[in-house]
Amino acid sequence: YGRADIYGTDKIDFLEEDYKPIDSHVIAARITAENPDEGFKPTSGTIERIKFQSTSNVWGYFSVGANGGIHEFADSQFGHLFAKGANREQARKALILALKEIEVRGEIRTTVEYLVELLETKAFIENTIDTSWLDGLIKEKTINVEQPDDLTVTSAAIFRAFQHVKEQTAAVSESLAKGQVSTSGIPAINSFNTEVAYKDIKYPFHVERLANDVYRLKVAGSVIDARVIETAEGSLLATFGGETHRIFGMDEPLGLRLVLDGVTILMPSIFDPSELRTDVTGKVVRYLQENGAEVEAGKPFVEVEAMKMIMPIKATESGKIIHNLSPGSVISAGDLLASLELKDPSKVKKIETFEGKLDIPEAPLEIDPAEAIRNILAGYTGEPEA
């Protein structure tokens, strides 16, 4: 009520006195361990890193720290941000900037990227929203946080290639440390094949190293040169196609989770359609069909408990179901819940091999001639006559 002494004890006549004029606006955002791509399904697991710094306009707190985690039977919220501004628009912009600066790394998924897109919708900016607004967006899947397919595939291939080199180099070093002088593993460090699958298309890449930090990727009719540097926190800075991208990847039971320029993308492994696996950690409550009964594609076949919620998991194909677990079993993401005797194996979606050319601009990396010669002498791929 605008008192000079905010700790004073003088009486306030609430019926007669006016409020102090409002000079600020606050917008709050809850940070939850939920997957917006799967209808905000709760996720659980360890957290390796949380990066957030409060500012004069944005304050926040997190209930877990590095090397902590979200338990499968706990509430999914683990953070809260509060953004202040002279008006609603300034508070909105401050919150967007803060959300873009947050980095949560670990086994969980978060709603951070979705919140940024939500705050930038026309309805939120114009404040024409109501209590059913968000439910409508979720139902219609209006907000999609994506990156171009070809950029995603190329970034995933670079991550796979870098990991291959790192693992093979460590294996050779360990072998030499043990006194095994065989060099048979060295050629596979500089020339090898790797594969990426995305949206029912398989991309078989051949990779050659032109230098310690330069990779040449070939797939179908595309040749892409990329310079890759690993940062102190484990992310990759990859320069290709005339741009530099930040890449972080993590292998999960159901595939590769790629974080590309702040956008999280799940690239599922090529799976057996006769296997029904869980994508959440929790507990089996009950199967919805008897063992040996028929189940239709897109229909729920089991209910599981995770983060104080009961949620159904749907069958991906039709067929006769065979239970692999019993009610009460504790499950982790990727566990096999049931098997199917497929009703019509010929209708199962087939994975096609990529043909054509990736939509990545041709931008050759500049390598000094003297450096190129040193790289060739060091055993990397190169063209001596160039």
Side-chain angles (χ1 to χ4, degrees), residues 29-54 58 60-81 95 98-118 145-147 152 155-156 158-160 162-163 166-167 198 230-238 245-269 277-283 304-309 311 313 330-335:
R30 295 193 296 177
I31 310 300
T32 60
E34 297 173 345
N35 184 356
D37 298 333
E38 296 291 338
F40 293 86
K41 186 179 292 184
T43 63
S44 61
T46 60
I47 294 177
E48 297 176 6
R49 171 186 172 91
I50 295 180
K51 187 186 78 173
F52 173 75
Q53 183 65 49
S54 293
V58 182
Y61 70 88
F62 293 86
S63 57
V64 294
N67 301 318
I70 305 294
H71 194 272
E72 57 265 30
F73 300 116
D75 188 86
S76 60
Q77 182 180 344
F78 66 97
H80 218 153
L81 299 188
L95 184 56
L99 287 168
K100 287 183 176 180
E101 291 297 318
I102 289 179
E103 182 180 355
V104 180
R105 186 175 297 175
E107 296 175 345
I108 65 169
R109 288 290 304 273
T110 72
T111 54
V112 172
E113 300 150 20
Y114 192 92
L115 288 173
V116 171
E117 297 296 321
L118 203 64
V145 185
E146 293 184 335
Q147 292 281 20
T152 299
S155 300
I158 289 172
F159 171 76
R160 291 283 193 210
F162 187 88
Q163 289 298 105
K166 198 172 183 179
E167 291 168 4
Y198 189 51
E230 186 176 23
T231 64
E233 67 269 17
S235 298
L236 303 180
L237 293 179
H245 300 278
R246 189 181 188 89
I247 303 168
F248 176 78
M250 178 181 291
D251 282 303
E252 298 182 342
L254 296 175
L256 171 66
R257 176 144 59 97
L258 192 74
V259 182
L260 173 58
D261 295 334
V263 176
T264 302
I265 304 147
L266 180 61
M267 308 182 74
S269 302
R277 297 183 178 273
T278 175
D279 57 351
V280 298
T281 297
K283 183 174 66 176
V304 300
E305 179 185 354
M307 291 187 172
K308 301 186 289 187
M309 294 173 59
M311 61 185 70
I313 296 181
V330 176
I331 55 175
S332 299
D335 285 355

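Please read these numbers as outputs of a predicted model, since none were measured by experiment. Reckoned from all heavy atoms, side chains included, excluding hydrogens, waters and symmetry mates.
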When you measure from the side chain of [X] to the backbone of [Y], do you find a donor-acceptor pair of N or O atoms at a distance under 3.5 Å?
{"X": "R105", "Y": "F248", "value": "no"}
{"X": "E305", "Y": "K283", "value": "no"}
{"X": "T231", "Y": "S235", "value": "yes"}

Side chain to side chain contact (heavy atoms under 4.5 Å, CB included) between M267 and T152: does it pass, once the steps are laid out?
CA-CA 9 Å; M267 308 182 74; T152 299; 4.1 Å; yes
Between [atom1] on residue [X] and [atom2] on residue [Y], distance to nearest 0.5 Å:
{"X": "D279", "Y": "I313", "atom1": "CG", "atom2": "CD1", "result": "5.5 Å"}
{"X": "L236", "Y": "I158", "atom1": "CG", "atom2": "CD1", "result": "8.5 Å"}
{"X": "I47", "Y": "I70", "atom1": "CD1", "atom2": "CD1", "result": "4.0 Å"}
{"X": "H245", "Y": "L237", "atom1": "NE2", "atom2": "CG", "result": "11.0 Å"}
{"X": "N35", "Y": "T110", "atom1": "CG", "atom2": "OG1", "result": "9.5 Å"}

Checking side chain to side chain contact (heavy atoms under 4.5 Å, CB included) for the pair I108/F78: CA distance, chi angles, key distance, verdict?
CA-CA 11 Å; I108 65 169; F78 66 97; 3.9 Å; yes
Could you work out, with side-chain hydrogen bond (donor to acceptor under 3.5 Å, both in side chains) as the rule, every residue matching E113, not counting sequence neighbours?
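Only T264 meet the side-chain hydrogen bond (donor to acceptor under 3.5 Å, both in side chains) criterion with E113.
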[X] versus [Y], closest heavy-atom pair with distance:
{"X": "E252", "Y": "L266", "value": "OE1-CD1, 4.0 Å"}
{"X": "L99", "Y": "V112", "value": "O-CG1, 3.4 Å"}
{"X": "V280", "Y": "P42", "value": "CG1-O, 3.9 Å"}
{"X": "M311", "Y": "K41", "value": "SD-CG, 3.4 Å"}
{"X": "T281", "Y": "S44", "value": "CB-OG, 3.3 Å"}
{"X": "V58", "Y": "F52", "value": "CG1-CZ, 4.1 Å"}

Determine the sole option in R257, Q163, R160 for which the side chain to side chain donor-acceptor pair (under 3.5 Å) test with D251 is passed.
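Of all the options given, the one that passes is R160.
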Step-by-step side chain to side chain contact (heavy atoms under 4.5 Å, CB included) determination, M250 to L256:
CA-CA 6 Å; M250 178 181 291; L256 171 66; 5.7 Å; no
Electrostatic pair E230:K166 at N-O distance under 4.0 angstrom:
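Looking at E230 and K166, the cut-off is met.
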So which of I247, I265, V259 actually passes side-chain contact (heavy atoms from CB on, under 4.5 Å) with S155?
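With S155 as partner, I247, I265, V259 yield a single side-chain contact (heavy atoms from CB on, under 4.5 Å), made by I247.
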Using a cut-off of 6.0 Å, state whether more than 12 heavy atoms not belonging to R246 lie near its atom CZ.
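Enclosed.
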Just wondering, are more than 12 heavy atoms of other shown residues or ligands nearer than 6.0 Å to CD in E146?
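Yes - once you tally the heavy atoms of other residues, nucleotides and ligands closer than 6.0 Å, there are more than 12.
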Check the pair R109 / E34 against side chain to side chain contact (heavy atoms under 4.5 Å, CB included), numbers first and verdict last.
CA-CA 6 Å; R109 288 290 304 273; E34 297 173 345; over 6 Å; no
Partner set under ring-ring contact (aromatic ring centres under 6.0 Å, His included) for Y114, not counting sequence neighbours
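Applying ring-ring contact (aromatic ring centres under 6.0 Å, His included) to Y114 gives F40.
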